[in-house]
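Heads up, the thing below is written out as structure tokens.
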Amino acid sequence: MKVIELSYDHLPNRLKPCFLYLARFPKDSPMIILALKDFWRAEGLVEQTETNSVEEVMKVYLDNLISSSLVFLFNEIGDHPTCRLHDLVHDFCLMKARKEKLFDRISSSAPPSSSDLMPRIVTIDCNSEFFLLNNFVLFGSNKIRHSGKHYWNITSQLSYFVVSFSALRKDVANVLERLKNGEDQKAVDVDLIEKLKLKLSFICTYVQLSYSDLEQFEDIMTRKRQEVENLLQPILDDDGNNVGCKYVLTSLASNMDDCISSHHRSKSDATMKDEQLDFLLLNLYHLSKHHAEKMFPRVIQYEVLQNICGNVRDFHGLIVHGCIKHEMIENVLPLFQLMAERVGHFLWEDQTDEDSQLSKLDENDQTDENAQLSELDEDDQNDRDSRLFKLAHLLLKIVPTELEVMHICYTNLKASTSAEIGCFIKKLLETSPYILQEYLIHLQEHMVTVITLSTSGARNIHVMMEFLLIILSDMPKDFIHHDKLFDLLARVGALTREISTLVRDLEEKLRNKESTDETNRATLKFLEHIELLKEDLKHVYLKVPDSSQSCFPMSDGPLFMHLLQRHLDDLLDSNAYSIALIKEEIGLVKEDLEFIRSFFANIEQGLYKDLWARVLDVAYEAKEVIDSIIVRDNGLLHLIFSLPITIKRIKLIKEEVSDLHEKIPKKRGPVVVNSPKKPVQRKSLTIGKIIVGFEEETNWIMRKLTSGPADLDVISITGMPGSGKTNFGVQIDQEYDEKKLLDKIFNQVSDSDSTLSENIDVADKLRKQLFGKRYLIVLDDVWDTTTWDELTIPFPEVKKGSRIILTTREKEVALHGKLYTAPLNLRLLRPEESWELLEKRAFGNKSCPNELLDVGKEIAENCKGLPLVVDLIAGVIVGREKKKSVWLDVVNNLHSFIFKNEVEVMKVIEISYDHLPDHLKPCLLHFSSKPKDSATTIYELKAVWIAEGFVEKTEMKSMEEVVKIYLDDLISSDEPSCQVHDLVHDFCLIKAREEKLFEWISSSTPSFSSDLMPRIVTIHYKSEFDSNKKRHSGKHLYSLTIDGDKLTDSVSETFHLRHLRLLRALELPTFFMVKDTLLNEICMLNHLRFLYIGTEIKSLPLSLSNLWNLEILVVYNEGSTLVLLPRIWDLVKLRVITMNGSILIAEDTKLENLRCLHKLESLDYSTEQYWFPKLDCLTELEELEVGFIRSNTNDTNRPWDFHFPSSLKKLWLLDFPLTSDSLSTIARLPNLEVLSLYRTIIHGEEWNMGEDTFENLKCLKLHQVTLSKWEVGEESFPALEKLKLEGCSDLEEIPPSFGDIYSLKIITLVESPQLEDSAMKIKEYAEDMRGGEELQVVGRNNIPLFK
């Protein structure tokens, strides 16, 4: 003791009470350092200094005590470092603390002490009785032993407390027994008893935790006490023997008041006795169960919280009942109390939030509280989301306690023969996989927020978590040997503990800016653990599954193989953690399937159909297996067994194909293995040809036939299927016989019916027959350029004015055949022309009766201008009565009437579809994902096609260039939007469903099984949706769009996306505000390429940087300006950003692919100069849209510090005040092609361009620009093609010099009538200068203003 006292005497005075304070802890008990510091602070033993915070001072104190060897560090408990005293040092501390009247430990049975001799800190050991009644543990004692008026701190339960609890227990027992046994005259339902139990459990819990300075403690606890009284009062009033019952109620209320009011005398948070902690854990379990089952049903985090509380309480109960030796668990006991305190604090905050919500409702409303909660407004839903966010953080803190329990069970209790321990382990096996799964998911979310992707070791941790999550997702299933389940769970738990420690270590080192090399080295062994565990899973833990073979469920094999190849390319390029486990295997599958696919692209059609069918089966199986591993859908079996088997099957087929490779005759082009073997014969449904409309087109064709060049010319007519092209020619079948066709043409031009012999060169004979003559040849429905080249060889090019009329669905063929005349794109029928055709087919030369006129025109209009559809419907009504009721029936069932002839209609469209190359088919079918009759912008099409993985990357062209080629191949128009005809839409939807590409579903549609789920889904949500109904799992989805009614609160609370781990495109309605919890889930979907959401946040979360495959980001934020934090610039694949927010860009940004920035905001925060984001570092930026928010609307003359990249092609500026200098800066952009100014205030209302030249500007739009005088030079816009002026009411005239711009093609005027005269003069002047070439002047909707 003297040696210890020597060390003690040398301590500074400020350290002595901190050292002696350690005597309050039991001997041999480790002290959690975090809790110890809190105690020091609560006791007032540590003071803040001018240079150091309290936390820093406490760290210095502890370091000094450790360096003096009086205190030493001990093993960690979970993730908490601990310290302890040697037994002799503890004895010295206790002796010295008693001597200095600082601390004492006394028994509840000890004689009372006089107040003047009492120490300032006391721990009382209570030897109280404990009772278990109706799921409530209550303890009590007989009388108060110590007054303790001068106590500064009282640890454990005061005797006063004991008395109150004892009395309270008796009263509660009496009341509950009466209600339970039906002794009262008025029957009481079970719900009332449960509600009473819950409220009493709440009171008992927070009296125990009252030392924690809980917010609004007395108010809430008093209210809870009143609720208990209110529940009992009506029952007792009706009780015949009410004297005793009313006494019990009075006593109950009084004792509850005593317990609540005593909280200010219970300020200690020292280690609880086993019985106290057991009592607390039990009540917390009941509270968490109520939250999980009643308040937040179907919210998985609350269910996990309930399971953790239940497991820890049950395990602690084994300790209390002597089933587990105390020395086994003494190191973790402090963790139990710490966990209980954390859970208690969280549930208390839940209660305070609930109170604030309920206070907004009518106090007189007597409905159930749970029903009231459903009426909460949007702000309250934000609170709920905030609670879920906090709950996720709570789980991160308390699950390590569950891990400690698992570790103890496996290392110490595995061989126990105790029935109680056996039951507990069985429960642990049931609940722990879900707990660990949820923990790892939240740990992943936490990691991407606090640890950057480039941190050494972080990737290895993520890969290990992915592997464990695959195991945990399948652990509840029956393909794990039951006798090995506990062993497997223990290994998973141990690895999870290791992950938890390393994440905490990594986070702390990054926070302290320390080296992470050591942690990184520790993570390398995870890769070894994975391989070892995979072997054990295969040979020890898993049952070998029965062998099975998938069958290809679609019809278009080449389309599937194309999409699969794109899918595998995307996976390999994604760099996702889930891919790391199987990246090598995916590469093998991709390589072998590419070889097999190239083989089938070069063999004659129809050969080796059986082999092709096997290829499709195994390719489909490979896709399903790989996807299932990524989304954790039976992923464990697929990872260990199915994937290796599938790779072997593909290898065998590859070897078979390799052997055949040299034996098979080659074909010039690719073969469509499943295309029709015979040409589809089209039949006209008309009885005698009736041609209506196309007068302008007919006249145009006649002019081209009778005038123009003397050389041979080709008049090409293009149009969609059923548009009437065949009215101008004779069809050429897809698989034509060249000799027979030329033979037919020869007979027509020679007026002969004879058949030429086989050995005659028909082409040469036809050339000689036509040579020197003027001829007209009509070739209908030519499908490809090769056919055209072969057929036109015999047609001599002599200067006789000969013509060839070519009709085709393919724009490429028309352009290929062009000589002088540009192709004619055949339009659809106008409504009046559709009616004329229908009328002639129905009534011949007669007129339609007046009573049928309106309904007839309605039928015609619904045919959408397609002659084929008019023809079909005419065929329906010709054979029916000419009555209005009959025709109304046709209107109401138009779609079904058309589809009675579905074979005719769909075959016409399918011919075009089958001739599309595989890479264009999904692009066309994707139109079915949009509603009928809705136009889609070209901009949106480009974005979605790329995001969906339809566009192939090439070394020579950018994605934008490739998608433009796709658009040109499908669409023959330069309009900014497009749509497909209703029939084409129907075909696309049918075909998309057939190929499992797309589906429209309603929220009430039954769930899909994952293997039949299409890759793209649009869900139309209906507000009457039953939230209890089974949802669509859709784990294998690649794309999800939700539209329809606003989501109800009950649905939005349980709306999760975390399982959609293959999702590439996500579009949520802007009325569905994405909250923090869901946003965190979205940020874990690292295959996302397209994200479109609405939200109400101030800045995007740091975890967004986890979406490293994101290419298009669209965020509509409500309520405040959205700020982009710097870490978003780590998303190197981003090409498009659209959001209403301000932006800060680092000069070293990695956004080398960013092409478009839309709807940004520039803020007015300076009195000297307007602020504009520095964008010149975005060297590939082509499109920019920025709006200005200013506080001073009168000040428009401040300069702009513009930082535009020179690559910019399109610029939209909204609400900007601009000077001539600002406009000159814009004019100097060398690649600018489109400039749009909206609501712009030009300083002085004058724009004098002087020598400014927009070198490459093609389109200029001025919308409500304050401009009265505009001076334009001859060289200001040398390349301008379009000028649009809208709402420019101050501008007096369009500068005449626009007439000198030879490239100008169109002037659009909207709400600017004063400019029409000057526009007319410019039009006349320009047309005179150009020799008659027209300059269009149009108004809204491109309607010409002048003839």
Full working for side chain to side chain contact (heavy atoms under 4.5 Å, CB included) between His286 and Lys197: CA-CA 9 Å; His286 288 304; Lys197 290 179 181 179; over 6 Å; no
So how far is it from [X] [atom1] to [Y] [atom2], rounded to the nearest 0.5 Å?
X	Y	atom1	atom2	result
Leu200	Thr205	CG	OG1	10.5 Å
Leu45	Leu20	CG	CG	10.0 Å
Thr82	Ile33	OG1	CD1	6.5 Å
Ser201	Leu284	OG	CG	7.5 Å
Glu514	Asp505	CD	CG	8.5 Å
Ile324	Leu413	CD1	CG	5.0 Å

No-hydrogen, no-angle side-chain donor-acceptor test under 3.5 Å, [X] and [Y]:
X	Y	value
Asn412	His407	no
His290	Glu194	no
Thr431	Asn307	no

Taking only residues at least two apart or on different chains, which pairs with a member in residues 418-443 satisfy ring-ring contact (aromatic ring centres under 6.0 Å, His included)? Phe315-Phe424
Do [X] and [Y] touch side chain to side chain, with heavy atoms closer than 4.5 Å?
X	Y	answer
His326	Leu333	yes
Val540	Asp487	no
Met465	Ile461	yes
Ile319	Cys323	no
Lys397	Phe346	no
Phe72	Cys83	no
Val54	Lys37	no
Ile499	Leu468	yes

[X] versus [Y], closest heavy-atom pair with distance:
X	Y	value
Leu489	Met475	CD1-SD, 3.7 Å
Leu347	Ser288	CD1-N, 4.1 Å
Leu88	Met1	O-CE, 3.7 Å
Tyr61	Cys18	CD2-SG, 3.7 Å
Leu85	Cys93	CD1-SG, 4.2 Å
Ser418	Ser416	N-OG, 3.2 Å

Would you check if the side chain of [X] reaches a backbone N or O of [Y] as a donor-acceptor pair within less than 3.5 Å?
X	Y	value
Gln208	Gln276	yes
Tyr206	Gly344	yes
His316	Val312	no
Asn512	Glu508	yes
His90	Phe25	yes
Ser68	Leu65	yes

Could you please spell out the steps behind the salt bridge (Lys or Arg N to Asp or Glu O under 4.0 Å) verdict for Arg491 and Asp536? CA-CA 11 Å; Arg491 289 182 68 173; Asp536 288 344; 2.7 Å; yes
I'd like to know whether Ile66 forms a side chain to side chain contact (heavy atoms under 4.5 Å, CB included) with Leu62, so could you lay out the CA-CA distance, the side-chain angles of the two residues, the decisive distance to 0.1 Å, and finally the verdict. CA-CA 6 Å; Ile66 292 172; Leu62 187 61; 4.0 Å; yes
Among Ile425, Thr496, Ile435, Leu428, the one residue meeting side chain to side chain contact (heavy atoms under 4.5 Å, CB included) with Met406: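 So the option named by the test is Leu428.
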Validation row, ring centre Phe92 to ring centre Tyr8 under 6.0 Å: yes
Check this for me, if you would: do [X] and [Y] make a salt bridge, where the nitrogen-to-carboxylate-oxygen distance has to be below 4.0 angstrom?
X	Y	answer
Lys525	Glu498	yes
Asp91	Lys27	yes
Glu55	Lys59	no

Aromatic ring pairing [X]/[Y], orientation class (parallel under 30°, perpendicular over 60°, tilted between):
X	Y	result
Phe526	His529	tilted
Phe296	His291	parallel
Phe217	Trp348	parallel

Can you establish whether the number of heavy atoms outside Lys96 located under 6.0 Å from its atom NZ is more than 12?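 Yes - once you tally the heavy atoms of other residues, nucleotides and ligands closer than 6.0 Å, there are more than 12.
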Around atom CD of Glu518, are there more than 12 heavy atoms from other residues, nucleotides or ligands closer than 6.0 Å? no
Selection residues 406-431 - residue pairs positive for salt bridge (charged side-chain N to carboxylate O under 4.0 Å, His left out), sequence neighbours left out: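 For residues 406-431, and leaving out neighbouring residues, the salt bridge (charged side-chain N to carboxylate O under 4.0 Å, His left out) pairs sorted by first residue read Asp314-Lys427.
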Any cation-pi pair here, Lys224 with Phe202, using under 6.0 Å and within 45°? yes
When you measure from the centre of the six-membered ring of Phe74, is the NZ or CZ of Arg84 closer than 6.0 Å and no more than 45° off the axis? yes
For Ile480 and Asp474, what are the C-alpha separation, side-chain angles and deciding distance, and is it a side chain to side chain contact (heavy atoms under 4.5 Å, CB included)? CA-CA 9 Å; Ile480 299 174; Asp474 286 348; 5.7 Å; no
Start with the C-alpha gap between Thr523 and Leu506, add the side-chain angles, then the distance that decides, and say whether side chain to side chain contact (heavy atoms under 4.5 Å, CB included) holds. CA-CA 11 Å; Thr523 67; Leu506 205 55; over 6 Å; no
